[in-house]
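Structure, as structure tokens:
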Amino acid sequence: MFRTKRSGLVRRLWRSRAPVEGDGEADRGTHGSGGCCMGKATKVAKSNAGSEAELKALTHSILKKIKEKQLEVLLQAVESKGGARSPCLLLPSKVDAKVGQLSYSLPMLLYKVFRWPDLRHSSELKRLSCCESYGKINPELVCCNPHHMSRLCELESPPPPYSRYPMDYLKPPDSPDSGPSSSDTGGTTYSAPVGLSDSLALQESGERAHWCVVAYWEEKTRVGRLYSVQEPSLDIFYDLPQGNGFCLGQLCSDNKSQLVQMVRAKIGYGIQLTREPDGVWVYNRSCYPIFIKSATLDNPDSRTLLVHKVFPGFSIKAFDYDKARSLQRPNDHEFTQQPRTGFTVQISFVKGWGQCYTRQFISSCPCWLEVIFNTR
């Protein structure tokens, strides 16, 4: 019997499905203890999701009804794990599929099979801005590309104690570990405020079309120039098959630390920074967790800032415009040291920092970013 191209694509897709927890191949970074993404159960019970044979038969049946070109699009997205740019996979949104005792829409089934076996409801998802279905309500055809979606982080309540950034550990203003005093970036001058943060404060000079600037640090040393961002979305990565944005792998670093080199290699697809109507979102595209600290993620009445853990495939609103406009933290030394022309978000790759880590400050983390928003 001759095998058709369609059958070959379907078999390759099934082999590339997302591993279920406990089968030995589960995504290393998707699950773990603690963190803002872990407010939901992660174990997938076969009694709820249906047997492997039933799921395989259903998935094969649905995939065989999809056009070959669409199967190729889906395969490209799945096999590259979102690293290759793939177009939308527009399919009917009202087709339902039954697995065991549960019924799922066609998009939900594909998301469960190819990305998140523990996915329970569409409310746990956020569509990425690159998708044609972004911002549309109940269209006839909806994008079912699993890598045009992300999972929403659930902020902890109460927060785990390790993530608190205590006031007791703030550096004094005359700390020798403060960042460089200034940096010339092609006509716009940035200066670092004293105190804990290594931020570079945007000064009043010339016309500014950018909505943020990004600095990349390895421990206490900034690597490369500041990256000014004008486009609504920016990929920040070390190694991306079709990368277009801020490539950290092209920066020249003199750091010989084995830990820095190990973490640098794990950045991989990195993160996607997106400016949206309600704020700035960070999507973790890498295979390892990232850690984020932002004043707008915290309780406005708190005297300390939280460090949030974001797992692979998850998104978090790192900067909220409404909160930023009304935010006042008169008792927070770190907040009062932030530049008047913007707010800062700090992001560490792979390694966290805080009270229960050996690293008390982000400047001790191997590889990290500082994103400075232009709020004017």
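Only heavy atoms go into these numbers, but all of them, side chains included; no hydrogens, no water, no symmetry mates. For reference, positions follow the sequence shown, starting with 1.
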Practice task
Please test Arg151 against Asp118 for salt bridge (Lys or Arg N to Asp or Glu O under 4.0 Å), starting from the C-alpha separation and ending with a verdict.
Solution key: CA-CA 11 Å; Arg151 291 283 289 272; Asp118 62 318; 3.3 Å; yes
Practice task
Decide side chain to side chain contact (heavy atoms under 4.5 Å, CB included) for Val307 and Lys293; before the verdict, give the C-alpha distance in whole Å, the side-chain angles of both, and the deciding distance to 0.1 Å.
Solution key: CA-CA 5 Å; Val307 177; Lys293 180 164 70 69; 4.2 Å; yes
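Below 30°, between 30° and 60°, or above 60°: for Phe319 and Phe343 the angle between ring planes is between 30° and 60°, a tilted geometry. Aromatic ring orientation, Tyr111 versus Trp116: perpendicular (interplanar angle above 60°, classes split at 30° and 60°).
Rounding to the nearest 0.5 angstrom, the gap separating the NZ atom in Lys220 from the OG atom in Ser364 is 4.5 Å. Separating the OH atom in Tyr238 from the NZ atom in Lys266 is a distance of 14.0 Å, to the nearest 0.5 Å. If you take CG on Leu9 and CG on Leu63, they are separated by 9.5 Å, rounding to the nearest 0.5 Å. The structure places CH2 of Trp368 at 11.5 Å from CD of Glu218, a figure rounded to the nearest 0.5 Å. The CD atom of Gln76 lies 9.0 Å from the CG atom of Asn145; values are rounded to the nearest 0.5 Å.
Counted within 6.0 Å of CG on Asp278, heavy atoms from surrounding residues, nucleotides or ligands total more than 12; the atom is thus considered enclosed. More than 12 heavy-atom neighbours from other residues, nucleotides or ligands sit within 6.0 angstrom of CD on Glu68. Enclosure of atom CD in Gln230 by more than 12 non-hydrogen atoms of other residues, nucleotides or ligands within 6.0 angstrom is indicated.
Put simply, the side chain of Cys367 reaches to within 4.5 Å of the side chain of Tyr216, judged on heavy atoms. Put simply, the side chain of Ser133 does not reach to within 4.5 Å of the side chain of Leu141, judged on heavy atoms. Contact check for Arg275 versus Tyr321: side-chain heavy atoms found under the 4.5 Å cut-off. In this structure the side chain of Gln261 never reaches within 4.5 angstrom of the side chain of Gln258, judged on heavy atoms.
In the hydrophobic cluster analysis, where Ile, Leu, Val, Met, Phe, Trp and Tyr join through side-chain heavy atoms closer than 4.5 angstrom, Val223 is grouped together with Val229. Val280 and Tyr283 are members of different hydrophobic clusters when ILVMFWY side chains are connected at heavy-atom separations under 4.5 Å. Both Leu91 and Leu71 sit in one connected hydrophobic cluster of ILVMFWY residues. Membership requires side-chain heavy atoms under 4.5 Å apart, directly or through other members. Taking hydrophobic clusters as Ile, Leu, Val, Met, Phe, Trp and Tyr residues chained together by side-chain heavy-atom distances below 4.5 Å, Leu297 shares a cluster with Phe311. Linking Ile, Leu, Val, Met, Phe, Trp and Tyr residues whenever their side-chain heavy atoms come within less than 4.5 Å places Leu369 and Met262 in a single cluster.
Contacts classified as side-chain hydrogen bond (donor to acceptor under 3.5 Å, both in side chains) and involving residues 57-67 (residues at least two apart or in different chains) are not found.
Looking at Lys317, Lys126, Arg127 one by one, the single match for salt bridge (Lys or Arg N to Asp or Glu O under 4.0 Å) with Glu276 turns out to be Lys126.
Side-chain N/O atoms of Asn255 and Thr221 include no donor and acceptor closer than 3.5 Å.
Remark: the backbone N or O of Leu273 is not paired with any side-chain donor or acceptor of Trp281 at under 3.5 angstrom. Gln346 contributes no side-chain N or O that, together with a main-chain N or O of Glu370, makes up a donor-acceptor pair within less than 3.5 Å. A side-chain donor-acceptor contact under 3.5 Å links Lys112 to the backbone of Leu119. Judged by distance alone, with hydrogens and angles left aside, the side-chain atoms of Asn284 form a donor-acceptor pair with the main-chain N or O of Tyr288 at under 3.5 Å.
A cation-pi arrangement, defined by a distance under 6.0 Å to the six-membered ring centre and an angle within 45 degrees of its axis, is present between Arg17 and Trp14.
Taking both residues in full, the closest heavy atoms of Ala318 and Val345 are given as O-CG2, 3.7 Å, listed atom of the first, atom of the second, then distance. In this structure, Phe361 and Trp353 approach most closely via the heavy-atom pair C-CD1, 3.7 Å. Nearest heavy atom pair, residue Ser86 against residue Val73, reads CB-O, 4.2 Å. Between Ala215 and Leu226, the closest heavy-atom pair is CB-CD2, 3.4 Å. Shown here for Arg264 and Ser253, the closest heavy-atom pair between the two residues is NH2-OG, 3.4 Å. Listed here is the closest heavy atom pair of Leu106 and Pro92: CD2-O, 3.9 Å.
Cluster partners of Phe237, using a side-chain heavy-atom cutoff of under 4.5 Å among ILVMFWY residues and allowing indirect links, are Leu240, Tyr269.
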